[in-house]
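Read through the structure below, which is laid out as structure tokens, and then see the notes.
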Amino acid sequence: MRRILPRSFYDRPTLRVAHELIGARLVRILDGQRLAGLITETEAYVGETDLGSHARAGRTLRTQVMYGPPGHAYVYFTYGNHWMLNVVCEEENMPAAVLVRAIQPVEGVDVILKRRSGRDTFGPGKLAQALGITGKENGIDLTGRNGQLWIEQGLPVPERLVTKGPRVGLYSVPEPWKSKPWRFLVKGWKLEVGE
DNA sequence: AGCACGATGCTCT
DNA sequence: GAGCATCGTGCTT
């Protein structure tokens, strides 16, 4: 059985966690079945001073999970349709999280494709839909198996295969936050899937 | 294959 | 009441 990423993995600088989550295996137990995908894209949101982060508004009902201990899920709803999965990083009271933006399905692929009506899983709303992740998963601990959602050690992805760039969708966020290269993604969008 | 736009509802001011 | 860490459709090239 693969190692579940421990709390100490998340209790580190957010950029580092965002980078190292590339290639990790996101596991979801849905209706008793195991679904999984390798993470191919992430974004870092770092502290209240990051004006691209929800935490810019300080501690609110929505953002309180980001202020909690690392290794928990921060799931929020946006644009009237979509749930977004984030993982909380850094020490307690430091509001930071990594948005998981895309996965490459590797287990339960047929179920995932069916849930997506054959469409892709590259996009934060799409992967949440594919894995049945909603507000019910907000706040759960990702470092154990109780919440039916966790992250396992995956493929080591060489530095040269990871592209950095500005985060997506921050239209009205002021500089320099708008252009910070805090998005990480697999070059060419595909990982070599091995066992 | 690329762009424009409308859907849709929750969160914060 | 405005704005939103998006997605899918439908129309144009």
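Only heavy atoms go into these numbers, but all of them, side chains included; no hydrogens, no water, no symmetry mates. Chain letters run A, B, ... following the sequence lines, proteins first and then strands; every chain starts at 1.
- When the nucleotides B:dC10, C:dT6, C:dA5 are ranked by their closest atom to the side chain of A:Y171, C:dT6 comes out on top.
- A:F122 has its CZ atom 23 Å from the P atom of C:dA5, to the nearest Å.
- Shown here, C:dA5 forms no base pair; nothing in the strands shown gives a Watson-Crick or G-U wobble contact with both key distances under 3.5 Å.
- Summarising the geometry, the separation between CG on A:N81 and P on C:dG3 is reported as 19 Å, rounded to the nearest angstrom.
- Counting to the nearest Å, the C1' atom of C:dT6 and the CZ atom of A:R167 are 17 Å from each other.
- Rounded to whole Å, atom C1' of B:dT8 lies 13 Å from atom CH2 of A:W83.
- Across every non-hydrogen atom of A:P124 and A:M84, the tightest pair is CB-SD, 3.3 Å.
- Protein atom NE2 of A:H82 is 16 Å distant from nucleotide atom P of B:dT11, rounded to whole Å.
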Run the side chain to side chain donor-acceptor pair (under 3.5 Å) check on A:Q129 and A:R115 step by step: do they pass? CA-CA 7 Å; A:Q129 198 271 325; A:R115 291 186 57 82; 5.7 Å; no
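- At a threshold of 4.0 angstrom between heavy atoms, the contacts of A:R62 are confined to the sugar-phosphate backbone, with no base atom among them.
- Side-chain N/O atoms of A:H54 include none lying less than 4.0 angstrom from OP1 or OP2 on B:dT11.
- Proximity of A:R101 to the phosphate of C:dT6: a side-chain N or O atom is located under 4.0 Å from OP1 or OP2.
- If you check C:dA5, B:dC12, C:dG8 against the side chain of A:S53, the one that comes closest is C:dA5.
- Per the geometry, CZ belonging to A:F77 stands 7 Å off C1' belonging to B:dT8, to the nearest Å.
- Considering only side-chain N and O atoms, A:R119 lies under 4.0 angstrom from the phosphate OP1 or OP2 of C:dT9.
- For A:S172 and C:dC4, the shortest distance from a side-chain N or O to OP1 or OP2 is below 4.0 Å.
- Where A:Q129 and A:Y74 each meet DNA chain C at their nearest nucleotide, the meeting point lying more 5' is that of A:Y74.
- Residue A:K178 places none of its side-chain N or O atoms closer than 4.0 Å to OP1 or OP2 of C:dA5.
- Here C:dT6 is the nucleotide among B:dA7, C:dT6, C:dA5 with the atom lying nearest to any side-chain atom of A:V168.
- With respect to A:R34 and A:E152, a salt bridge is recorded, a charged nitrogen being found less than 4.0 Å from a carboxylate O.
- Nucleotide C:dC7 holds its P atom 13 Å from the CG atom of A:L85, rounded to whole Å.
- For the residue pair A:I133 and A:R28, the shortest heavy atom distance occurs at CG1-NE, 4.2 Å.
- A close approach under 4.0 Å does occur between a side-chain nitrogen or oxygen of A:R116 and OP1 or OP2 of C:dG8.
- Residue A:L99 is classed as a base contact, given a heavy-atom separation below 4.0 Å to a base.
- Atom CG of A:D110 has more than 12 heavy atoms from other residues, nucleotides or ligands within 6.0 Å.
- For A:M66 and B:dT11, the CE to C1' distance is 14 Å, given to the nearest whole Å.
- In the model, A:N93 has a side-chain atom that pairs as donor or acceptor with a side-chain atom of A:R59 under 3.5 Å.
- In this pair, A:Y79 lays its aromatic ring flat on the base of C:dT6, centres within 5.5 Å and planes under 30 degrees apart.
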